[in-house]
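The structure appears below as structure tokens.
Values below: all heavy atoms of this structure, side chains included; hydrogens, waters and symmetry mates excluded.
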Amino acid sequence: MSLRLSRRQLLAGSASLFGASLISPAWSATIPAKLPIPPLADGTNEEPVDLRIRAGEHTFLAGLKTPTLGINQDFLGPTIRTRRNTELNLNYLNTLEEGVSIHGHGLHVPGDVDGGPQLEMAPGEGWKPSLSIVQPAATCWYHSHTHGKTGDQVYRGLAGMILIDDDDSDAMDLPNRYGVDDLPIIIQDRTFDGEGRFVYSLYDADEDGWFGDTVVINGAVAPLVADVPAGKVRLRLLNGANARFYVIAFSDNRVFHKIATDGGLLPSPVPMTTMEMSPGERCEIIVDLEDANPVDLLTFFEDEIDDEGAGIVGSLSTLVGGSDAAPPRASLTLRPDALLVANNAPLPEKLIAISHPEEHEIKNVREFVLEMDHGGDHAGHDGHGKMDMTINGAVMDMSVINERVGLGVWERWRIRSDQGAHPFHIHGCSFLIEQMEGEIVPADQQGWKDTVVLDDDDWSEIVVRFDHVATEQYPYMYHCHILEHEDRGMMGQFTVT
């Protein structure tokens with residue numbers, strides 16, 4: 001994995017970086033299908049939302065059925081909608097022949113309803129968490145967090161979005177009509193064999209994790225098309241991949257505005273032409289289609305962009321226009337429809353205010369080093385996977401509490417990698433990044449986050465405060481969100497008391 005902050009900063013730059021190189025890409029000859037929109041499960045009225053975890057079959061490739069997992073459907077799950085200052089009541093039932101835990105990724109909830117590996121449902125069992133939603137509007141998600149099996153179960157389909165609304169975001173006149181001008185976009189990559197079955201193996205994954213070769217959005221193979229209003233359209237992008245970093249751009253190199261990241265709205269809209277996303281990250285962007293011209297959302301595999309030769313500009317240009325290069329991933333065509341009511345309200349210049357803690361408020365500093373050990377199996381893994389990846393020299397052990405954190409206390413966490421790039425995720429909170437891989441934090445990363453990218457160049461630093469209890473029986477997790485790294489030991493547990 002070759003990601004560096006200089007790449008992320010460069011990707012956030014101006015349209016002049018590689019302007020015309022994105023105008024006439026070589027597209028797949030496939031006729032695009034309609035973008036599927038996951039069904040909406042309304043949890044805002046505090047009535048229980050029934051969520052049945054089940055096996056199924058799903059058609060990704062014409063004429064072929066793929067064995068899958070899903071929640072209330074064959075692949076993925078419904079989008080759960082909830083609201084600040086309400087109770088979200090979930091009613092899970094595991095109908096599989098294997099255990100499953102489901103984590104509410106990005107939710108600020110206590111450890112006993114967080115859905116970490118300690119809360120695994122055995123076959124036939126249910127789980128009924130009641131979640132007090134106290135955080136601001138945000139795009140979160142839920143996914144398998146089963147010890148040693150997270151990568152496999154997410155790959156087969158156990159994931160979905162959670163949308164949190166609040167009065168402040170409602171008042172901003174942002175696009176908010178679900179499936180019309182407010183689209184959930186779950187991007188993943190999968191590999192299929194000749195019979196349409198998923199190809200996946202934790203044991204055969206290399207040090208970067210498991211990469212698929214086919215872009216899948218909302219459970220359908222790209223390219224896809226969505227009919228949208230000829231105005232502002234909001235895309236809620238989730239990198240739901242096991243391991244891939246994606247680079248997002250539009251085929252005409254148009255400017256879009258990033259308005260939110262993992263934990264909610266940014267201080268101000270950030271203009272961008274390209275955007276990098278690591279596994280687990282969410283980004284909300286606004287693209288203006290008032291010109292009524294169709295435009296293609298492109299998805300690049302970040303690992304195919306070589307920053308050591310021609311550099312990112314030359315590499316992107318080669319990927320898009322080079323006759324001998326693989327074409328860009330034809331992900332999604334946004335096709336304006338004049339019959340749909342458009343939102344043409346101007347974007348607010350300011351979104352939310354964010355206050356960083358004063359230095360005297362930060363009471364503790366912790367350091368974490370993510371290591372790809374390659375030294376063989378470690379003890380303490382209960383037989384799950386090949387455990388050769390560590391944090392501070394330790395593999396994940398369900399019986400060990402690695403850190404103990406005080407309730408309501410600001411801390412500084414310094415995190416780095418000994419090799420390659422890792423998206424580092426923390427449960428039960430949102431945090432603020434103060435340093436990213438040793439550099440100044442880009443504007444589009446200066447909001448509330450729950451995942452930060454680090455590498456072996458320098459430290460990333462965050463400030464974080466935990467406002468909910470996590471006990472020894474039900475602790476929080478911190479881990480790399482490359483799921484094969486997590487399953488191979490790159491995870492730890494901590495309490496908050």
Side-chain angles (χ1 to χ4, degrees), residues 51 53 55 69 71 92-105 107 109-127 129 141-159 200-205 209-210 240 242-243 279-280 368 370-373 376-403 422-428 450-451 470-495:
L51 299 167
I53 303 166
L69 302 179
I71 301 171
Y92 286 102
L93 177 63
N94 178 20
T95 70
L96 303 180
E97 296 181 356
E98 58 187 293
V100 178
S101 66
I102 301 289
H103 166 53
H105 183 132
L107 297 184
V109 295
D112 61 357
V113 290
D114 177 64
Q118 305 285 0
L119 284 156
E120 180 176 321
M121 293 170 274
E125 284 188 350
W127 181 46
W141 64 307
Y142 60 106
H143 60 80
S144 164
H145 213 302
T146 313
H147 184 41
K149 298 181 180 179
T150 298
D152 174 65
Q153 291 182 346
V154 171
Y155 201 84
R156 286 189 283 159
L158 294 187
Y200 180 83
S201 170
L202 172 62
Y203 288 91
D204 293 331
W210 189 267
N242 280 38
F368 302 86
L370 281 63
E371 300 157 306
M372 294 198 278
D373 180 48
D377 289 358
H378 292 258
H381 56 23
D382 301 325
H384 289 278
K386 55 179 185 181
M387 306 293 278
D388 59 354
M389 298 193 177
T390 64
I391 299 179
N392 291 347
V395 298
M396 169 64 180
D397 187 331
M398 294 274 279
S399 66
V400 173
I401 299 299
N402 303 93
E403 304 285 339
H422 300 275
F424 185 80
H425 170 57
I426 308 174
H427 288 207
D450 57 54
T451 302
T471 64
E472 290 199 22
Q473 184 178 6
Y474 301 115
Y476 288 140
M477 308 291 127
Y478 54 82
H479 60 87
C480 176
H481 218 281
I482 293 173
L483 301 184
E484 289 71 42
H485 291 183
E486 171 188 329
D487 284 342
R488 288 165 62 174
M490 198 174 277
M491 179 162 63
Q493 302 187 114
F494 66 102
T495 60

Less than 4.5 Å apart, side chain to side chain, heavy atoms only: is that true for [X] and [Y]?
{"X": "E486", "Y": "M477", "value": "no"}
{"X": "Q118", "Y": "Q473", "value": "no"}
{"X": "S144", "Y": "K149", "value": "no"}

Where [X] and [Y] come nearest, the two heavy atoms and their spacing:
{"X": "A205", "Y": "R488", "value": "O-NH1, 3.3 Å"}
{"X": "I102", "Y": "Y142", "value": "CG2-CD1, 3.9 Å"}
{"X": "G492", "Y": "N402", "value": "CA-OD1, 3.4 Å"}
{"X": "A55", "Y": "L96", "value": "N-CD2, 3.3 Å"}
{"X": "G115", "Y": "H145", "value": "O-CB, 3.7 Å"}
{"X": "P123", "Y": "G99", "value": "CD-N, 4.1 Å"}

Separation of [Y] [atom2] from [X] [atom1] (nearest 0.5 Å):
{"X": "H422", "Y": "E371", "atom1": "NE2", "atom2": "CD", "result": "9.5 Å"}
{"X": "Y155", "Y": "T150", "atom1": "OH", "atom2": "OG1", "result": "15.5 Å"}
{"X": "L370", "Y": "F368", "atom1": "CG", "atom2": "CZ", "result": "9.5 Å"}
{"X": "Y478", "Y": "F494", "atom1": "OH", "atom2": "CZ", "result": "8.5 Å"}
{"X": "I482", "Y": "M389", "atom1": "CD1", "atom2": "CE", "result": "8.0 Å"}
{"X": "D114", "Y": "L107", "atom1": "CG", "atom2": "CG", "result": "8.0 Å"}

Keeping T95 on the side-chain end and I53 on the backbone end, is there a donor-acceptor pair under 3.5 Å?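 Answer holds: yes.
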
Does Q493 use its side chain to pair, donor to acceptor, with the backbone of D397 at less than 3.5 Å?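 The answer is yes, because a donor-acceptor pair under 3.5 Å joins these two groups.
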
Do E120 and T146 pair up side chain to side chain, a donor and an acceptor below 3.5 Å, judged on atom types alone?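 On atom types as modelled, these side chains do not qualify, holding no pair under 3.5 Å.
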
For M372 and M490, run side-chain contact (heavy atoms from CB on, under 4.5 Å): C-alpha distance rounded to whole Å, both residues' side-chain angles, the deciding distance at 0.1 Å, then the answer. CA-CA 8 Å; M372 294 198 278; M490 198 174 277; 4.0 Å; yes

side-chain contact (heavy atoms from CB on, under 4.5 Å) between D152 and Y200, intermediate numbers included: CA-CA 7 Å; D152 174 65; Y200 180 83; 3.8 Å; yes

Mind checking side-chain hydrogen bond (donor to acceptor under 3.5 Å, both in side chains) for N242 and listing every partner two or more places apart, or none if nothing turns up?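 With neighbours one apart ignored, the set is E484.
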
Salt bridge (charged side-chain N to carboxylate O under 4.0 Å, His left out) partners of E472, counting only residues at least two apart: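 Checked E472 against salt bridge (charged side-chain N to carboxylate O under 4.0 Å, His left out); matches are R404.
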
Once the angle between the rings of H481 and H143 is folded into 0 to 90°, is it parallel (under 30°), tilted (30 to 60°) or perpendicular (over 60°)?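 Because their plane-to-plane angle is over 60°, the rings of H481 and H143 count as perpendicular.
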
Just do the ring-ring contact (aromatic ring centres under 6.0 Å, His included) check on H427 and H479 with the steps written out, would you? CA-CA 9 Å; H427 288 207; H479 60 87; 5.4 Å; yes

Applying ring-ring contact (aromatic ring centres under 6.0 Å, His included) to H425 and W141, what does each step give before you reach the verdict? CA-CA 13 Å; H425 170 57; W141 64 307; 8.7 Å; no

How far apart are the C-alpha atoms of F424 and I391, what are their side-chain angles, what is the distance that settles it, and do they pass the side-chain contact (heavy atoms from CB on, under 4.5 Å) test? CA-CA 11 Å; F424 185 80; I391 299 179; 4.3 Å; yes

Residue list, ring-ring contact (aromatic ring centres under 6.0 Å, His included) with Y92, at least two apart or on another chain: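 Only W127 meet the ring-ring contact (aromatic ring centres under 6.0 Å, His included) criterion with Y92.
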
Go through the steps to decide whether W210 and D204 satisfy the test side-chain contact (heavy atoms from CB on, under 4.5 Å), and finish with yes or no. CA-CA 8 Å; W210 189 267; D204 293 331; 4.0 Å; yes

